[in-house]
Amino acid sequence: MSTSKTQVVTGAARLGYVNVWEAKAAAEGENPKYSVCVMIPKTDKQSVESVKAAIAAALESSLQTKFGGKKAGLKMPLRDGDELDDDGERVKGAEFEGMWYFNASSKNQPIVLNVNREPVIDKIEVYSGVWANVAVNFYPFDAAKSKGIAAGLNAVRKLKDDENLGGAISTETARN
């Protein structure tokens, strides 16, 4: 489902590298952000097409003004989880098999809801491996080292539990 040309709410997507409770810097010296990796099953053609259309809309709206009309060298967010490296090895882990994926982040904490659309209070409820709808907005970026289209993280709505992809986590650790 789409609310504007660059905004998407995915169907059921698996989350990885979940960081929705505390902003963290990806590298030393960078600004802290909230983030998730959104893994969409390739069988969810509607979500994949909505994401591709939103990326195309973000690119189209900024191609001339931000990128000087050039598409070459631009980083695009959507990646194939079945991609292999030059040695025929999977670039990502087995959890990415059969998935399209992208990373989404925000300086602002995203809205985090349960299946009933109520705020999630217990941090252990949303973790790497959970299935959720994710609301994102695709936008152009022009940074010192790269340019392209990125995904802004707006909201996560947990749908169901699955195997934890981030390793074991204690209730006490999660609640701190």
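Criterion: ILVMFWY side-chain heavy atoms under 4.5 Å apart, direct or through other members. Under it, I149 and L63 are part of a common hydrophobic cluster. The hydrophobic clustering, which links ILVMFWY residues whose side-chain heavy atoms are closer than 4.5 Å, places V48 and V38 together. The hydrophobic clustering, which links ILVMFWY residues whose side-chain heavy atoms are closer than 4.5 Å, places M76 and F67 together. Cluster annotation: I55 is connected to L74 through the hydrophobic network of ILVMFWY side chains, with a link wherever side-chain heavy atoms come within less than 4.5 Å.
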### Message
Please evaluate residues L84 and V91 with respect to the criterion side-chain contact (heavy atoms from CB on, under 4.5 Å), reporting the C-alpha separation (whole Å), side-chain torsions for both, the decisive distance (0.1 Å), and the verdict.
### Response
CA-CA 5 Å; L84 303 177; V91 173; 5.6 Å; no

### Task
Show the numbers, then the answer: is there a side-chain contact (heavy atoms from CB on, under 4.5 Å) between V134 and V9?
CA-CA 5 Å; V134 183; V9 177; over 6 Å; no

### Message
I'd like to know whether F102 forms a side-chain contact (heavy atoms from CB on, under 4.5 Å) with C37, so could you lay out the CA-CA distance, the side-chain angles of the two residues, the decisive distance to 0.1 Å, and finally the verdict.
### Response
CA-CA 6 Å; F102 62 90; C37 178; over 6 Å; no

### Task
Please test D122 against E125 for side-chain contact (heavy atoms from CB on, under 4.5 Å), starting from the C-alpha separation and ending with a verdict.
CA-CA 6 Å; D122 194 344; E125 290 297 312; 4.0 Å; yes

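Electrostatic pairing of D82 and K92 does not count as a salt bridge here, judged by no charged N lying under 4.0 Å from a carboxylate O.
For A132 against V156, the heavy-atom pair with the smallest separation is CB-CG1, 3.8 Å. Closest heavy-atom contact between W21 and V120: CH2-O, 3.6 Å. Scanning all heavy atoms of the two residues, the minimum distance from A25 to E30 falls at CB-O, 3.3 Å. P41 and A12 make their closest contact through CD-O, 3.5 Å (heavy atoms, listed as atom of the first residue, atom of the second, distance). For the pair K107 and Y34, the tightest heavy-atom approach, listed with the atom from each and the gap, is O-CE1, 3.6 Å. Scanning both residues, M39 and L165, for their nearest heavy atoms gives CE-CD1, 3.8 Å.
Note: K145 NZ to K75 NZ = 10.0 Å, rounded to the nearest 0.5 Å. The line from OG of S50 to CZ of F138 is 10.0 Å long, rounded to the nearest 0.5 Å. Distance check, rounded to the nearest 0.5 Å: CD1 of I40 to CD of E49 gives 10.5 Å. Interatomic distance, NZ of K33 versus CD of Q109, reported as 15.5 Å (0.5 Å rounding). Between the CD atom of Q7 and the OH atom of Y139 there is a distance of 13.5 Å, given to the nearest 0.5 Å.
Using a 4.5 Å heavy-atom cutoff, the side chains of D80 and W100 are in contact. When side chains are defined from C-beta on, V115 counts as touching R157, because their heavy atoms get closer than 4.5 Å. The closest side-chain heavy-atom distance from L78 to Y101 is not below 4.5 Å. A 4.5 Å side-chain heavy-atom check between F141 and S146 finds at least one atom pair inside the cut-off.
No side-chain donor from either of N103 and Y17 sits under 3.5 Å from a side-chain acceptor of the other. Between the side chains of T10 and N133, no donor-acceptor pair of N or O atoms lies under 3.5 Å.
Stacking of K158 on the aromatic ring of W131 is not recorded, the 6.0 Å distance cut-off and the 45° axial limit not both being met.
Judged purely by atom type and a 3.5 angstrom limit, S47 has no side-chain atom pairing as donor or acceptor with the backbone of D44. Counting only distance, with no hydrogens or angles, the side chain of S128 and the backbone of V18 share a donor-acceptor pair below 3.5 Å. Under the 3.5 Å distance criterion, the side-chain polar atoms of S35 are left unmatched by any main-chain donor or acceptor of N19. The backbone N or O of G129 lies less than 3.5 Å from a partner atom in the side chain of R14, making a donor-acceptor pair. Without hydrogens or angle criteria, N116 side chain to E118 main chain gives no donor-acceptor distance under 3.5 Å.
V126 pairs in a side-chain contact (heavy atoms from CB on, under 4.5 Å) with only one of the listed residues (N114, V20, L113), which is V20.
Within a 6.0 Å sphere centred on NZ of K42, other residues, nucleotides and ligands contribute more than 12 heavy atoms. The neighbour count for I111 CD1, taken as heavy atoms of other residues, nucleotides or ligands under 6.0 Å away, does not exceed 12.
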